[in-house]
Structures are given as C-alpha cells and as structure tokens.
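First comes the structure, then the notes that go with it.
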2 protein chains.
Amino acid sequence: MNFKEELKKYAKIMDAEIDKKVIRDDVIEKKLNKSVEYSLMAGGKRLRPILMIATYELFKNDYEKVFPFAISMEMIHNFSLIHDDLPAIDDDDFRHGKPTNHKEFGEATAILAGDMLLNKAYVLLGEELLKNNGDTNLKIRAFNELTHGVDRMIIGEYVDTEFEGQKISDDYLEYMHKNKTGALIKASIRIGAILAGASEEDLENLTQYGENIGLAFQIKDDILDIVGDEKVLGKPVGNDIQKHKSTFVTKYGLEEATNRLENVTKEAIEIINKYPNGEFLKELAIYIKDRKK
Amino acid sequence: MNFKEELKKYAKIMDAEIDKKVIRDDVIEKKLNKSVEYSLMAGGKRLRPILMIATYELFKNDYEKVFPFAISMEMIHNFSLIHDDLPAIDDDDFRHGKPTNHKEFGEATAILAGDMLLNKAYVLLGEELLKNNGDTNLKIRAFNELTHGVDRMIIGEYVDTEFEGQKISDDYLEYMHKNKTGALIKASIRIGAILAGASEEDLENLTQYGENIGLAFQIKDDILDIVGDEKVLGKPVGNDIQKHKSTFVTKYGLEEATNRLENVTKEAIEIINKYPNGEFLKELAIYIKDRKK
C-alpha cells in the first residue's frame, strides 16, 4: 500500500461527493450558498470523512454506504471552523491560505452559513433515514454518535473561548481538547464502525484508537502553531501565544508536548495493529503525528 | 372552551417539559448552559409547540408523544432568536423585556449557545428515534419536516439581513417572510399532523392553514413594530423603520397590511372550520391576529 496515494484517492472521492451537495442555482440566497461553498471546498484535508471510511473498511467493502455520514461530518466540521474564526470567538483572518469566511462574505453571512452547514448535515441524514433500506437501526445509532459528538465539540469550543488568557488546570486543558477536536474525530471512527456492524469489542478498541489520534491531532496542532511554516499551514503561526491560549505547548513546553505526541501515537498504533487490514489507519496515525499542516 | 385558559394550560405544560431539558449541573461549561437556559426560559409564548400539539389533537389524544418534537422546535426557535439578535445581524438589545442573550453573556457565548440549541434539538430527536417504539417511520418523516423547515428559516433570515436598507420586490418580501417566520410555523403544524398519522388530504388542508397563520403572524409582527406598546412587547417599536427594513407595513402601508391580515386569518379559519374539534386552532388564528405582543 502506498499510503500517500491512498490518502489522496480518498480525499478526491470525498471532494467529489461533497461537491455534489453544493447548491449553485441562481437563487435569491446565492451569496449565502457561495459562502457555504467557499468553506466546504476550501481545500480541507477531509480527515474526518477519511477516518470514517477507513474504519468502515476494516469490516466491509461497500464504503459508499458511509458517504451521507461522511459528508455530514465534513459539513459540521466546516460549520465549526466558520464560527470558530468569527471576530467574537477566535477572530482569525486566514484559513487554508485564504481569507476566513467572514472576511470574504461579512460576519452576518458567515454566521448564517455556519448555521446552515450544521443544519444541512441533519437534512442530509434525515433524507438518508427516509430511505429505510434495512440499515435504519444502525443509522440511528450512528446518528446519535454524531449529535452527541457535536454537543461535545461545541462545549470544547466554549471552554477554549471562555478561558482564553487564563491559566487553566491540567484537567481543564484535557477536557477542552478532548471535546474541541477529539469529539468529532472519535465520532467519525465510531460511526464508521457502527455502520459496518462492528462488535462491541471492536467498537471499544477503535474508540481508544480514536481518542489517541484525536489527542495526537490536537497536540500536533499546538506544536505547529509554534514551529509550523506559515506558507504550508495557510495561517499565521504564534496565534496561541499571542492570544494567551492554554495549549499543550504553552503549558508543558515543546519537548514534553512532543513526547506526549509520540506516546499517544504509539498507543493508537498498538491498538490498530490488532487488525490485519488496519495498515491505512496505522499510517494515518503516523501521518497525523508528522504532518506539516 | 375557554381559549385563554387552554392556551395558558398548554404553555405551562410546555414550560415544564422544556425546563426538564435544562442542564443545571455545576460543570465547566456552566455559563454556556446558563446562557441556553436564559433564552429557553425567557417567557416565550411557546406558539410553535402549542400549534404542534393542537394539530396532533385534531386526530389523537395522547399528545405527550409529540413532546420531543415540540421541545426541539422550541429549542430551534430560540437558537434562531439568539443568532438573529446578534450585533452582526439585527443588533437588538432587548427581547421579552430583558437584555438579549449576547448583551447578558457576551457575543461568543451567545453564538455558541445558539449553535448548542440547534444541535440539542437534534440530540433530543436522535434519542427519540433510538426508542424504536413502532412509530419510527412517522418520526423520520416528521424529522425531515423539521430539518427542511430550519433550512428555509435560515434562508429567510439571510434574505432579511442581506437586503436590509434596500427596496425589494413584492416577490422578495413574500419569499423572505414565507421562509423566515412561516417555515417553522408550517413545519410545526405538519409535524403534529404527520405524527398523528393524518391522511394526505388532511395534511394538505393543515399545510394551507399553517401557511395562512404563518403569514398572519409575520404581518402582525410588522404591524406591532409600528403601533405596538413597548412595555407590552418587551422590545422597542419602530425598529424596522429605523433599520430601513422592508416589511408588509413599510411596503404596503398600515391599512393594506391590516386588510391582508384579516384576509389570511379568514382563510385559515375557513380551512380549520372543516374540523369538528378545530375550535382551539380557530381561536389561535384569531389570537395571532389580535395579539398585543
């Protein structure tokens, strides 16, 4: 397996599937739709959908069954980025090397585009449930993973915002990160497993894998904010320090954060090694640790 | 039937049901939860849940079955009010006679409280679907009414914001109002009918009733903004003129708006008169027309 090729292939598939959901009619609300499209097609890594599909593929081959959930997850991820970047929250001007949504379309449209993306995710899943094609029970379980994951993500975002500029305890930092980034990553993996009809034991294993790479993802984000290359990242570095944010790096230092990143990645790999066809997810854990953006 | 007593009874039941969903734990995110509670328990009329229950009761008696949808609808209505009031959108300082959410809790928390309320509505319905108690197909249909209604509501909100200060055509005004206020009112009625297993013919009738009272509600809102009593309304009057908003009144004048209000109310009543036990919904149409707030 050539991991980089596989990763690109998955991302391309997801790009095409998400593109199909973009509304390009010449309607009264076309600027709102353009604002939604701007974020959805901004060049994100599609990490969450790819995690969902790859987890599903540990058990089954017909991965297109996961698409409605994968697309919904990416819509919700983009909703969270748009609202996260708003002046009242993180006040960020750049993302993926382009102006943030509110910089491009104005704050009112950005708020409503975020609202629309969150709701559109549920529109899509409602339509999926209507199909009633035999897997409704699994889909309802997966749906509940998503709603609860989003709830946790919003809480994480709130804690991040509310305690900006304050020294927070280890517990708070852990709680924030577990929720803010970890909740949707974990939910993506659990949804993939649930839709594939995984056993409770597998679900438990994969949840632990998900918690570890979720943590790894956030620690790496914190590290990149210090040592990343602005041109590669597509956004300024040093943001966290400037805003007096508590991160793994500002709290424990670069060395300890790096050690922690190595350890949680190792733990994720140990779990996924139990699965004969888990190679892609193993490489994905390494990719998350080593990524430059 | 004493309509006012019935209306109060329903509102009290809904207040109690919604209150049960408020989280009052002493958790890290307690300020976020307080912000959610502040809006949910601010003294709203519970019009949408009441419409849903009363429509259901045209056909069936066990109206507590509607509660999860009724509560979700009210959560979504409150999400829309919080985001609507934000400085970047309508920039309103008062609602129900109290400071708006962002005035009380700050903009960041208000944005996230709105997000949370929208998502919590779907958390609640996901849990309802999990119960799998025989009515899952009807619930999935009702769920789709909700997601699509919210989509339309957000579009209406966008059109209202985007074209503020501009002269807009009759078509745009109609489109905006049909979506902004009408979509959730219509969805409330359709959800009540669907959950009760109403026939397609009844659903069609009640949809027309819903469209008429949705329009009536918005026209009355526009009229109250001119001739309402600030103390009764709990918010300043004259807002629409000051913000150069297109409303039924600013566009057609008070007299024509009042005529239109009478006519759509009459149409709603003609439809509901077909139902022997439709008296409450008939009185509700009159209440919407005559309300002072």
Side-chain angles (χ1 to χ4, degrees), chain A residues 27-29 31-33 35 76 79-80 83 86-90 102 106-116 118-127 129-130 132 136-137 139-141 143-148 150-151 153-159 161-164 171-172 175-176 179, chain B residues 27-29 31-33 35 76 79-80 83 86-90 102 106-116 118-127 129-130 132 136-137 139-141 143-148 150-151 153-159 161-164 171-172 175-176 179:
Chain A
V27 286
I28 294 178
E29 63 273 18
K31 189 182 135 194
L32 179 64
N33 289 336
S35 160
I76 287 172
F79 135 70
S80 80
H83 281 194
L86 286 169
I89 302 187
D90 268 5
H102 65 273
E107 224 178 305
T109 302
I111 292 169
L112 295 171
D115 293 347
M116 185 150 230
L118 173 56
N119 190 66
K120 274 221 184 296
Y122 293 121
V123 169
L124 191 60
L125 293 179
E127 289 169 354
L129 288 171
L130 262 189
N132 201 1
T136 304
N137 284 346
K139 285 179 198 167
I140 289 173
R141 271 186 70 194
F143 180 86
N144 275 272
E145 289 293 328
L146 184 64
T147 57
H148 284 98
V150 177
D151 193 66
M153 182 267 286
I154 293 169
I155 288 172
E157 181 65 34
Y158 164 77
V159 175
T161 306
E162 184 61 20
F163 298 98
E164 195 176 295
D171 286 354
Y172 270 47
Y175 185 76
M176 174 180 93
N179 287 314
Chain B
V27 286
I28 294 179
E29 63 272 18
K31 188 181 136 194
L32 179 64
N33 289 337
S35 159
I76 287 172
F79 135 71
S80 80
H83 281 195
L86 285 169
I89 301 187
D90 269 3
H102 65 272
E107 226 178 305
T109 302
I111 293 168
L112 295 170
D115 293 347
M116 185 149 230
L118 173 56
N119 190 66
K120 273 220 184 294
Y122 294 122
V123 169
L124 191 59
L125 294 180
E127 288 169 354
L129 288 171
L130 262 188
N132 201 2
T136 304
N137 284 346
K139 285 179 198 167
I140 289 173
R141 271 186 71 193
F143 180 86
N144 275 272
E145 289 294 328
L146 184 63
T147 57
H148 285 98
V150 178
D151 193 66
M153 181 267 284
I154 293 169
I155 287 173
E157 181 64 35
Y158 163 77
V159 175
T161 307
E162 183 61 21
F163 297 99
E164 195 177 296
D171 285 354
Y172 270 47
Y175 185 77
M176 172 179 96
N179 288 313

Checklist entry - Out of A/G106, A/A88, A/A113, which one racks up the most heavy-atom pairs below 4.5 Å with chain B? => result A/A88
Item to check | Pairs of heavy atoms under 4.5 Å with chain A: top-ranked of B/S80, B/P87, B/A108 | outcome: B/A108
Item to check | Gap separating the CG atom of A/N137 from the CG atom of B/L130, nearest 0.5 angstrom | outcome: 9.0 Å
Checklist entry - B/I89 versus A/L112: any side-chain heavy-atom pair under 4.5 Å? => result yes
Checklist entry - Contact part of B/L86 toward chain A, heavy-atom cut-off under 4.5 Å: side chain, backbone, both or neither? => result side chain
Item to check | Under the salt bridge (charged side-chain N to carboxylate O under 4.0 Å, His left out) test, residues paired with A/E127 that sit two or more places apart | outcome: none
Checklist entry - Measuring heavy-atom distances to chain A, does B/T136 have an atom under 4.5 Å in its side chain, in its backbone, in both, or in neither? => result side chain
Checklist entry - CD of B/E107 to OG1 of A/T161: how many Å apart, nearest 0.5 Å? => result 12.0 Å
Checklist entry - Measuring from B/L32:CG to A/I155:CD1, what's the distance to the nearest 0.5 Å? => result 7.0 Å
Checklist entry - Given a strict heavy-atom distance threshold of 4.5 Å, which part of B/E162 is in contact with chain A: side chain, backbone, both, or neither? => result side chain
Checklist entry - Which distance, rounded to the nearest 0.5 Å, do you find between the CG of A/D115 and the CG of B/L118? => result 6.5 Å
Checklist entry - In Å, rounded to the nearest 0.5 Å, how long is the span from CG of B/N33 to OH of A/Y158? => result 8.5 Å
Checklist entry - Taking only residues two or more places apart in sequence or in another chain, which ones pass side-chain hydrogen bond (donor to acceptor under 3.5 Å, both in side chains) with B/K139? => result B/E128, B/N133
Checklist outcome for this item: Counting heavy-atom pairs under 4.5 Å with chain B, the top scorer among A/L124, A/L129, A/L125, A/D171 is A/L129
Next on the checklist: Using the side chain to side chain donor-acceptor pair (under 3.5 Å) definition, which of the options B/T147, B/D151, B/N119 pairs with A/Y122?
Outcome noted: B/N119
Next on the checklist: Rounded at 0.5 Å granularity, tell me how far CE in B/M116 sits from CE in A/M153.
Outcome noted: 10.0 Å
Next on the checklist: Less than 4.5 Å to any heavy atom of chain B: does that hold for the side chain of A/V123, its backbone, both, or neither?
Outcome noted: both
Checklist entry - Highest number of heavy-atom pairs under 4.5 Å with chain B: which of A/I140, A/V27, A/I28, A/D90? => result A/I28
